[in-house]
Number of protein chains: 4
Amino acid sequence: MPKIVDERMREATRRRIIREAASEFARLGFDAANINTIAEQAGIGKGTIYLYFENKRDLFLSMLRFIAQEHIAAIRSTLAATDNLQKRLEHLFRAFVRLAFEESDSFNVYMSALYGVNRAFKDEATRLMRDYIAIIALILEEGQTNGELHCDDIEAAALMVLSLTESYVLSARVLGQTEQEINQQARRVVQLILHGLSTPVS
Amino acid sequence: MPKIVDERMREATRRRIIREAASEFARLGFDAANINTIAEQAGIGKGTIYLYFENKRDLFLSMLRFIAQEHIAAIRSTLAATDNLQKRLEHLFRAFVRLAFEESDSFNVYMSALYGVNRAFKDEATRLMRDYIAIIALILEEGQTNGELHCDDIEAAALMVLSLTESYVLSARVLGQTEQEINQQARRVVQLILHGLSTPVS
Amino acid sequence: MPKIVDERMREATRRRIIREAASEFARLGFDAANINTIAEQAGIGKGTIYLYFENKRDLFLSMLRFIAQEHIAAIRSTLAATDNLQKRLEHLFRAFVRLAFEESDSFNVYMSALYGVNRAFKDEATRLMRDYIAIIALILEEGQTNGELHCDDIEAAALMVLSLTESYVLSARVLGQTEQEINQQARRVVQLILHGLSTPVS
Amino acid sequence: MPKIVDERMREATRRRIIREAASEFARLGFDAANINTIAEQAGIGKGTIYLYFENKRDLFLSMLRFIAQEHIAAIRSTLAATDNLQKRLEHLFRAFVRLAFEESDSFNVYMSALYGVNRAFKDEATRLMRDYIAIIALILEEGQTNGELHCDDIEAAALMVLSLTESYVLSARVLGQTEQEINQQARRVVQLILHGLSTPVS
DNA sequence: GATGAATGAGACTTCATTCAT
DNA sequence: CATGAATGAAGTCTCATTCAT
């Protein structure tokens, strides 16, 4: 069955292209990114990319989808074994921190797609956002079930939590804070979410 | 005194270029934006732009600075006459909503600069972010002075407020909510800031 | 004797490739025609074509030869059973009409080879033209033998007859006339050949 | 008035591009022709062509129109001062001979457009054909007026004359005859037109 | 023999920038 | 100062051909 080997090779190559594409797109943005460079980095011929992706746009979109799956998986896995709401939200925060620093390529690509100008890219990035919100809403609902929280609009609350969590991480990073420094803010941010600004970080 | 008239003309042309540049850059992003189109829209010759700006990059940067000033002014003016902390934060939120919808061009440009890949653009956008934070820090400090708030790290708090406020507006917009719908969330968002999630919107 | 079967298979495949090549070349011209498409249409693998033909050029040339044989056979068969010169020339004309409409693919390919730019293609097409002329010369000679015609330079006459006959058909088709309309001109054209313009079509 | 100079320069450059384009297209055909080469030959930058023509297709079409005008002018001028029908038709024939040899580039381009596969090119070439027919029809009508000819369908007759004249020249050239040799056939061809094959060339 | 994945040369076209007018 | 014609670098994508399976 050479088919399986081929299938595997094919998938491996696809992954390699996507990985290099993410790096190139993150470094230069969609327009300035160079298909030739991506091919070179992936160790394949210029034309070969077009055997795996329709065109540059398709490559970008496929890469975006791949990244989204990875991120969602990363976020999900983080939350798996935790118990109380405070802890869960802190884990969520730390998951974003880790992504922002260790997968900064894909995070940058995702953000530029979200706030960029290409409608299709934006739509794909928005889909990831909805997935995030769904996960957070689930956390909040369980918190409500456990009596840790009383909240009349879970959707809005989830959006607020996402905005605060993700955006704080990104902004802090942009302002030059290190991964460690930001991680240390986890409790404070969750305090804000649960009890508001005035509450001191005990 | 023809000098003054010339100066005025020059400044007016500069403004016109920047305005059209903002529209074009917002529509297409930095790379895909076309200098020719900008010149045409501004009613000047193709080469004339280079009498006002070094090159495309410089034009983008200048536009970014101009936008930043406008935004800061818009945010500042909104907060001028208000008194209590809750109100002030709600006004801040609404100011962001207005910018996100009525100056969506410049807002998009700003966001793509912030999360984009060009270091110089990012730096400029970051400077705007610091200005936002300074304004918010001021508000919070006055709130503390007035006993409306107790907060041990004003800087971190300001960053949280900015993240939540701005990011909520943008995310909600991206998710398809209307200006009105988002505005109605003002109180809820400020409630979260001041008292945390559990507090019901009274 | 598997050899014969294989030979037959091989020949059949060759024919199939040539048939599809004719269609593709007629549709797109030599350069724009796509080897892949031809292979697909012929129901074989992309690489297989190169087991039958050296390269694209060779395929085109082989196809041209095949077409030429078919055309000559078509023209010959048409003239087989006819008797008097007038009739024979009319049949010739109608044979061209039929080819131009029912084998328009190959006719177009032939014309573009004849007036195209590739020397080798042109030579091949010229060979077909010589065959046509030989056939027409034969007709004229028999006409002369039968006393239906007096003509001092058969070669030149044959070329004139070919030019008029074939070119009239093609031009009329290009100008939008239908197969029927052109067929109805058969007598008129032959009248011109035999008696000149002034003679009315009786 | 630098405008006039500019206008002249512009027109001169346009002509130069078209001339080189004709040569390149005649040499290689539409697809294989190279825009870069044309630019080089015309002594201008690669991008400059696109200031004069939309794209390759537009360049080809413009060149085709230019050629058509030149040919029509050439044919017309030839017929200007002649008197009797026989002479006129001989002049027409010789005009085609001259074009086929001295403007062989444009003639080849025209024929490949006429029998090629691109609809737009074909349409343009067909327009030239109609112009030819109109001119010939005029000649025949005057011949009829002068009693040199009796002919019930001038249009069909004109098409026959064109087919025979032009196609004879082209076919003879393709068969390797020289300009002189073909020119010597002028009388014979016109004899055929006027009196049919049997009439000896007196 | 048959296949089709991989290759890379090559072409069109765009557009920021320059510079003569 | 203003202009816009000219430039040419650079990039995406196609496709004939090869070769390992």
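Because only heavy atoms are used, hydrogens play no part in the values below, and waters and symmetry mates are left out as well, while side chains stay in.
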Separation of [N] [atom2] from [X] [atom1] (nearest whole Å):
{"X": "C:Leu59", "N": "F:dC15", "atom1": "CG", "atom2": "C1'", "answer": "15 Å"}
{"X": "D:Leu28", "N": "E:dA11", "atom1": "CG", "atom2": "P", "answer": "10 Å"}
{"X": "D:Phe60", "N": "E:dT13", "atom1": "CZ", "atom2": "C1'", "answer": "19 Å"}
{"X": "A:Glu24", "N": "F:dG11", "atom1": "CD", "atom2": "C1'", "answer": "12 Å"}
{"X": "C:Arg10", "N": "E:dA2", "atom1": "CZ", "atom2": "P", "answer": "7 Å"}
{"X": "D:Asp31", "N": "F:dC15", "atom1": "CG", "atom2": "P", "answer": "10 Å"}
{"X": "C:Tyr50", "N": "E:dA5", "atom1": "OH", "atom2": "P", "answer": "16 Å"}
{"X": "C:Lys56", "N": "F:dT17", "atom1": "NZ", "atom2": "P", "answer": "8 Å"}

What contact category does [X] fall into here, base, sugar-phosphate, or nothing, at under 4.0 angstrom with non-hydrogen atoms?
{"X": "B:Ile44", "result": "sugar-phosphate"}
{"X": "A:Leu51", "result": "base"}
{"X": "B:Ala33", "result": "sugar-phosphate"}
{"X": "C:Phe53", "result": "nothing"}

Quick one: stems for DNA chain E, with Watson-Crick or G-U pairs under 3.5 Å, at least three in a row?
->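 In DNA chain E, stems of three or more pairs: E:2-21 with F:2-21.
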
Any ion pair linking D:Arg8 and D:Glu11 (charged N to carboxylate O, less than 4.0 Å)?
->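 Answer for the salt bridge query: no.
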
State plainly whether the residues A:Glu24 and A:Arg27 are in salt-bridge range, i.e. N to O under 4.0 Å.
->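 Between A:Arg27 and A:Glu24 there is a salt bridge, with a charged N closer than 4.0 Å to a carboxylate O.
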
Between [N] and [X], is there an OP1 or OP2 to side-chain N/O distance shorter than 4.0 Å?
{"X": "B:Asn34", "N": "E:dT14", "answer": "no"}
{"X": "C:Tyr52", "N": "E:dG1", "answer": "no"}
{"X": "C:Asn55", "N": "F:dA16", "answer": "no"}

Give the ring-plane orientation class for C:Tyr115 versus D:Tyr115, where under 30° counts as parallel, over 60° as perpendicular and anything between as tilted.
->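 If you compare the ring of C:Tyr115 with that of D:Tyr115, the planes turn out parallel.
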
For the residue pair D:Phe25 and D:Phe60, does the interplanar ring angle fall in the parallel (under 30°), tilted (30 to 60°) or perpendicular (over 60°) class?
->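 Answer is perpendicular, since the angle exceeds 60°.
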
Using the closest heavy atom to pick a nucleotide of DNA chain F for each, name whichever of A:Gly47 or D:Gly45 lands nearer the 5' end.
->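 Taking each residue's closest nucleotide, the earlier one in sequence belongs to D:Gly45.
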
For D:Asn36 and for B:Thr13, find the nucleotide of DNA chain F with the closest heavy atom, then tell me which residue's nucleotide is more 5'.
->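 Its nearest nucleotide lies further toward 5', so the answer is B:Thr13.
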
Taking N and O atoms by type only, does the side chain of A:Lys46 place a donor or acceptor under 3.5 Å from a partner on the base of E:dA9?
->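 Yes, a donor-acceptor pair under 3.5 Å.
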
Non-hydrogen atoms of [X] and [Y] that approach each other most closely:
{"X": "A:Phe121", "Y": "A:Leu64", "result": "O-CD2, 3.6 Å"}
{"X": "B:Phe53", "Y": "B:Arg14", "result": "CE2-NH1, 3.5 Å"}
{"X": "C:Ala33", "Y": "C:Lys56", "result": "O-NZ, 2.9 Å"}

Give the C-alpha distance, both sets of side-chain angles, the deciding distance and a yes or no for side chain to side chain contact (heavy atoms under 4.5 Å, CB included) between D:Thr13 and D:Ile17.
-> CA-CA 6 Å; D:Thr13 302; D:Ile17 296 173; 4.1 Å; yes

